[in-house]
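Have a look at the structure below before the remarks.
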Amino acid sequence: MIFVIRASVSGNARDTMTVDVNDETGDQQSRLPPRPVLPDMAAARSRGPAEVVEAHWQALRLSWQWKHAVHQIRSPGRPYPRIVPLLETAAAQPRLRRLCPFTSHFALLFSSSTSYPWTVQAGSIEPLHNGRFKIRRRSPFTVIGEVETAEEAVALVLELLPTGPEPVITASADEHV
C-alpha cells in the first residue's frame, strides 16, 4: 500500500511525498512474535496478595521473553541483557518467589508490597550487556558486587534478605483482600 502525503515543503502547497508501507520497516514489524497474553491482575487481586505475586512473576517472564525475541529480530547479533535467565533463576528460589518482583531499567527487584510504592527487600540485580550481573544493596544503595552468572547473582541477593521472619506480603490500599 502506498500513501501520498501532501505538505508544503518548499513553500509550494503541491509538494508531495510518497510512503510505501511495504518497506523494510513494515516487513520487519510483520515478523515480530505476537504479544503475550499476560495474567489478569484484577482477577489476581481479587484472590489475594499471594496470587498477585504469582501473576507478577508470570507477567515479567512473558514480557521479557517477548522483548528478547523482538530484540533478536530487530537487532540480530547485538547483545541483550540476560534478564530472562535471571528471572528464571530467581523464580526457582522459594524466598524470592514469595516476594513481588518488578523491574526498573532492566534491574530486578523484590518487594513485600504488591504495588507501588514498593517496599524493596534485599537488593537489586542488574543484568549487564557484557553478560555479567551487578548486585546492589537496598540500603545504603551501593554496589556490592559483579558476578558472572545469574545463579551467583541470586545467591548474593538472597544473602541480603533480612534475617528473621519472612516479610509479610501486603496489598495496596486499592487491592481488596
Side-chain angles (χ1 to χ4, degrees), residues 28-29 31-39 41 44-45 49-172 174-175:
Q28 185 180 27
Q29 287 292 99
R31 295 186 322 224
L32 295 180
R35 287 188 179 270
V37 177
L38 300 178
M41 287 295 178
R45 282 187 187 93
E51 290 294 325
V52 175
V53 167
E54 182 58 29
H56 271 271
W57 279 104
Q58 289 176 17
L60 277 180
R61 183 180 50 82
L62 291 170
S63 295
W64 283 108
Q65 285 173 340
W66 182 81
K67 289 174 186 175
H68 182 239
V70 168
H71 175 82
Q72 288 178 316
I73 292 167
R74 289 184 173 162
S75 304
R78 288 191 55 211
Y80 190 79
R82 295 175 32 210
I83 191 141
V84 174
L86 174 60
L87 280 164
E88 292 168 356
T89 302
Q93 292 298 320
R95 288 187 71 205
L96 293 178
R97 185 65 185 223
R98 66 180 309 277
L99 294 170
C100 190
F102 68 99
T103 55
S104 177
H105 300 86
F106 276 94
L108 176 61
L109 299 100
F110 310 92
S111 175
S112 58
S113 59
T114 58
S115 64
Y116 186 83
W118 304 108
T119 306
V120 177
Q121 302 293 317
S124 65
I125 306 171
E126 178 185 354
L128 304 172
H129 283 282
N130 65 6
R132 296 173 58 85
F133 297 88
K134 185 183 292 185
I135 299 83
R136 287 188 169 92
R137 181 181 310 279
R138 173 178 59 97
S139 181
F141 191 70
T142 56
V143 174
I144 64 162
E146 197 174 299
V147 295
E148 294 290 329
T149 67
E151 291 79 10
E152 292 171 299
V154 167
L156 272 176
V157 93
L158 281 168
E159 290 177 16
L160 296 174
L161 279 174
T163 56
E166 293 292 320
V168 174
I169 303 302
T170 59
S172 68
D174 64 335
E175 293 174 342

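Throughout, residue positions are numbered sequentially from 1 according to the sequence presented.
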Using 0.5 Å steps for rounding, measure from the [atom1] atom of [X] to the [atom2] atom of [Y].
| X | Y | atom1 | atom2 | result |
| --- | --- | --- | --- | --- |
| K67 | R74 | NZ | CZ | 12.0 Å |
| F110 | L158 | CZ | CG | 8.0 Å |
| N130 | E146 | CG | CD | 6.0 Å |
| L161 | R95 | CG | CZ | 4.5 Å |
| S124 | I144 | OG | CD1 | 9.0 Å |
| L160 | R138 | CG | CZ | 9.5 Å |

On a heavy-atom basis, which atom in [X] and which in [Y] lie closest, and how many Å separate them?
| X | Y | value |
| --- | --- | --- |
| A90 | L108 | CB-CD2, 4.0 Å |
| A59 | M41 | CB-CE, 4.1 Å |
| L38 | S63 | CD2-OG, 3.6 Å |
| L62 | P36 | O-CG, 3.7 Å |
| P49 | T114 | O-CG2, 3.9 Å |
| F102 | S111 | CE2-CB, 3.9 Å |

**Asked** Distance-only, no hydrogens or angles: does the S113 side chain make a donor-acceptor pair with backbone N or O of T119 under 3.5 Å?
**Response** yes
**Side-chain heavy-atom pair S115, V52 within 4.5 angstrom cut-off** = no
**Fill in**
Across all chains, not counting sequence neighbours, the ring pair (Phe, Tyr, Trp, His ring centres under 6.0 Å) partners of F106 are W64, Y80
Donor-acceptor contacts, no H, no angles, side chain residues 82-89, under 3.5 Å, sequence neighbours left out:
from, atom 1, to, atom 2, distance (Å)
R82, NH1, G131, O, 2.6
T89, OG1, P85, O, 2.9

**Message:** Quick test of your reading: applying side-chain hydrogen bond (donor to acceptor under 3.5 Å, both in side chains), list the pairs with at least one residue in residues 51-61, sequence neighbours left out, ordered by first then second residue.
**Reply:** E54-Q58, E54-R97
